[in-house]
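Taking it in order: structure first as C-alpha cells, then the write-up.
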Amino acid sequence: MEIKTFGVIGAGQMGNGIAQVAAMSGLDVIMNDIKTEFVEKGIGNITKNLTRSVDRGKMTEPEKFAVLGRIKTSVELADMASADFVVEAATENESIKFQIFKDLDRICKKGAILATNTSSIPIGRIANQTGRPDKVIGMHFMNPVPVMKLIEVIKGLATSDETFDTTWELSVKFGKTPAEANDFPGFIANRILLPMINEAVYCLYHGVGKAEDIDTVMKLGMNHPMGPLALADLIGLDTCLAIMETLYDGFCDSKYRPCPLLKKYVEVGWLGRKTGRGFYEY
Ligand code: CAA
C-alpha cells in the first residue's frame with residue numbers, strides 16, 4: 001500500500017519528532033493538535049532541530065525549507081480525511097486516545113491505517129474502538145525521535161499482515177530499524193526499561209544513593225548513555241508512572257508496583273524536564 005500523506009495527532013515531544021522524520025523521508029505531513037499554540041510550538045521545535053542540522057553541515061538550507069514545506073499544521077481532526085496513514089501521539093490517557101480513534105475511524109478513508117504511539121495501552125483495546133481493527137497497529141517511537149533508531153511495531157490480535165508490512169516498510173523509509181512485538185503490557189521496550197527506572201527510584205527512596213550517584217553507576221558502570229533518573233526526567237515522570245501502572249494492572253504482579261516516591265513527584269507536578277523539575281532541576 002502506497003503512503004503519500006501522513007497524519008500525526010499530537011504536536012508535543014513525540015508528535016513533532018514523528019512529523020519531522022516523516023517529512024524528512026519525503027512524505028506530506030499533517031500535524032494536528034487541539035490548540036494553535038501547541039502546533040506552533042511543535043513547528044518551532046522542528047525548525048530548531050533542522051537549523052541545528054544545517055549548522056552542523058548535515059543538511060542544506062533549501063533542504064530544511066523543503067522539509068518544513070511538507071508539514072501542514074491543523075487544529076481540526078477532520079483534516080485527517082486526506083491521510084493514508086495516521087499516527088496518534090496524544091497524551092498517554094486511555095479515554096483521550098479512545099475518543100481520538102473513534103473520531104479517526106469516522107473521518108479517515110476506508111483504507112487508511114491508524115497507528116498509535118502508545119507506550120503502554122493495549123493495541124487491542126484501542127483497535128476495539130474502531131470498525132477497522134485489522135488496520136490498527138502500534139508504532140512506538142523512542143524519545144528523542146529524530147535521534148533514536150528504533151521503532152517498536154506492535155501487532156494487535158486483529159492487526160492484518162498487510163497493515164503490519166506497510167508499517168514495517170514505513171519505519172524503514174523513515175531511516176529507522178523496526179522490531180516486532182506482540183500486544184502484552186509494556187510490549188518489549190517498556191516491559192524492560194521501566195522496571196529498571198522504577199528500581200532506580202526505589203534506590204533513591206531507600207537512600208541507597210543520591211540521584212547523581214545512581215545515574216553515575218549506570219552510565220559509567222553499564223555504559224548507558226544517560227542514567228535512569230535523568231532518562232525518567234526526559235520521558236516524563238507522569239508517563240513513567242502511567243507505564244508502571246499498566247504493567248502492575250496488566251500482570252497483577254507486585255514486582256511492577258510503582259515506587260511511592262515516583263507517585264509523590266507526579267502528585268506535586270515534578271514531571272521532569274517538561275516542568276523544569278523532576279529528579280533534577282532544569
Ligand atoms: N531532538 C533532536 N535531536 C537531539 C535531541 C532532541 N531532543 N537531543 C539530542 N539530539 C541530537 C544532537 O543534536 C546531537 O546531534 P549531532 O550528532 O548531529 O551533533 C546528537 O543528538 C547527540 O546529542 P548530544 O551530543 O547533545 O548528547 P548525547 O550524545 O548525550 O545524546 C541522547 C543525547 C541521544 C538523548 C542520549 O543521551 C541517549 O541516547 N539517551 C537515551 C535516550 C533513550 O533511552 N531514549 C528512549 C527513552 S524510552 C522511550 O522513548 C519510550 C517510551 O515509551 C518511554
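Indexing begins at 1, ligand by ligand and atom by atom, following the structure's order. One-based numbering along the sequence shown.
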* Could you tell me whether ligand 1 has any atom less than 4.0 Å away from a heavy atom of Val147? => yes
* Asked: Can you find a non-hydrogen atom of Met14 under 4.0 Å from ligand 1?
  -> no
Checking contacts now, so for [atom], which I'm interested in, is there any protein heavy atom under 4.0 Å?
atom                    : value
atom 20 (C) of ligand 1 : no
atom 30 (O) of ligand 1 : no
atom 49 (C) of ligand 1 : yes
atom 53 (O) of ligand 1 : yes
atom 25 (O) of ligand 1 : no
atom 7 (N) of ligand 1  : yes
atom 33 (C) of ligand 1 : no

* To do: Taking only Lys NZ, Arg NE, NH1 and NH2, and the carboxylate oxygens of Asp or Glu, determine whether Lys210 and Asp213 approach each other closer than 4.0 Å.
  => yes
So which bit of [X] gets within less than 4.0 Å of ligand 1, heavy atoms only: side chain, backbone, both or neither?
X      : result
Val145 : neither
His140 : side chain
Met142 : both
Thr239 : neither
Leu193 : side chain
Ile235 : side chain

* **For Lys58, the ligand 1 atoms whose distance to one of its heavy atoms is below 4.0 Å** => 16 (P), 17 (O), 18 (O)
* Heavy atoms only: which of Arg56, Arg52, Arg273 is nearest to atom 14 (C) of ligand 1? -> Arg56
* Asked: Which option, Ile46, Asn117, Asn190, Asn49, owns the non-hydrogen atom nearest atom 1 (N) of ligand 1?
  -> Asn49
* To do: Return the set of residues passing side-chain hydrogen bond (donor to acceptor under 3.5 Å, both in side chains) with Ser95 (not counting sequence neighbours), or none when no residue passes.
  => Asn93
Minimum heavy-atom distance [X]-[Y], with the two atoms named:
X      : Y      : answer
Lys274 : Thr239 : NZ-OG1, 4.3 Å
Cys108 : Arg132 : O-NH2, 3.1 Å
Lys135 : Gly111 : CE-O, 3.4 Å
Met31  : Gly10  : CG-O, 4.4 Å

* To do: Determine, step by step, whether Asp103 and Arg106 satisfy the salt bridge (Lys or Arg N to Asp or Glu O under 4.0 Å) criterion, reporting the C-alpha distance in whole Å, the side-chain angles of both residues, the deciding distance to 0.1 Å, and the verdict.
  => CA-CA 5 Å; Asp103 292 341; Arg106 188 171 34 79; 2.9 Å; yes
* Asked: Which class fits the ring pair Phe6 and Phe85: parallel under 30°, tilted 30 to 60°, perpendicular over 60°?
  -> parallel
* Pair Tyr265 + Tyr205: ring centers closer than 6.0 Å -> no
* To do: Would you check if the distance from the ring center of Phe251 to the ring center of Phe184 is below 6.0 Å?
  => no
Looking only at protein heavy atoms, which one is nearest to [atom], and how far off is it?
atom                    : value
atom 40 (N) of ligand 1 : Met226 SD, 3.1 Å
atom 45 (N) of ligand 1 : Asn143 O, 2.8 Å
atom 39 (O) of ligand 1 : Pro225 CG, 3.7 Å

* Asked: Heavy-atom count around Lys72 NZ within 6.0 Å, excluding the residue itself: above 12?
  -> no
* Asked: Quick check: does any side chain N or O of Asp183 sit under 3.5 Å from a backbone N or O of Lys155, one acting as donor and the other as acceptor?
  -> no
* **ring-ring contact (aromatic ring centres under 6.0 Å, His included) partners for Phe164, two or more places apart** => Trp168
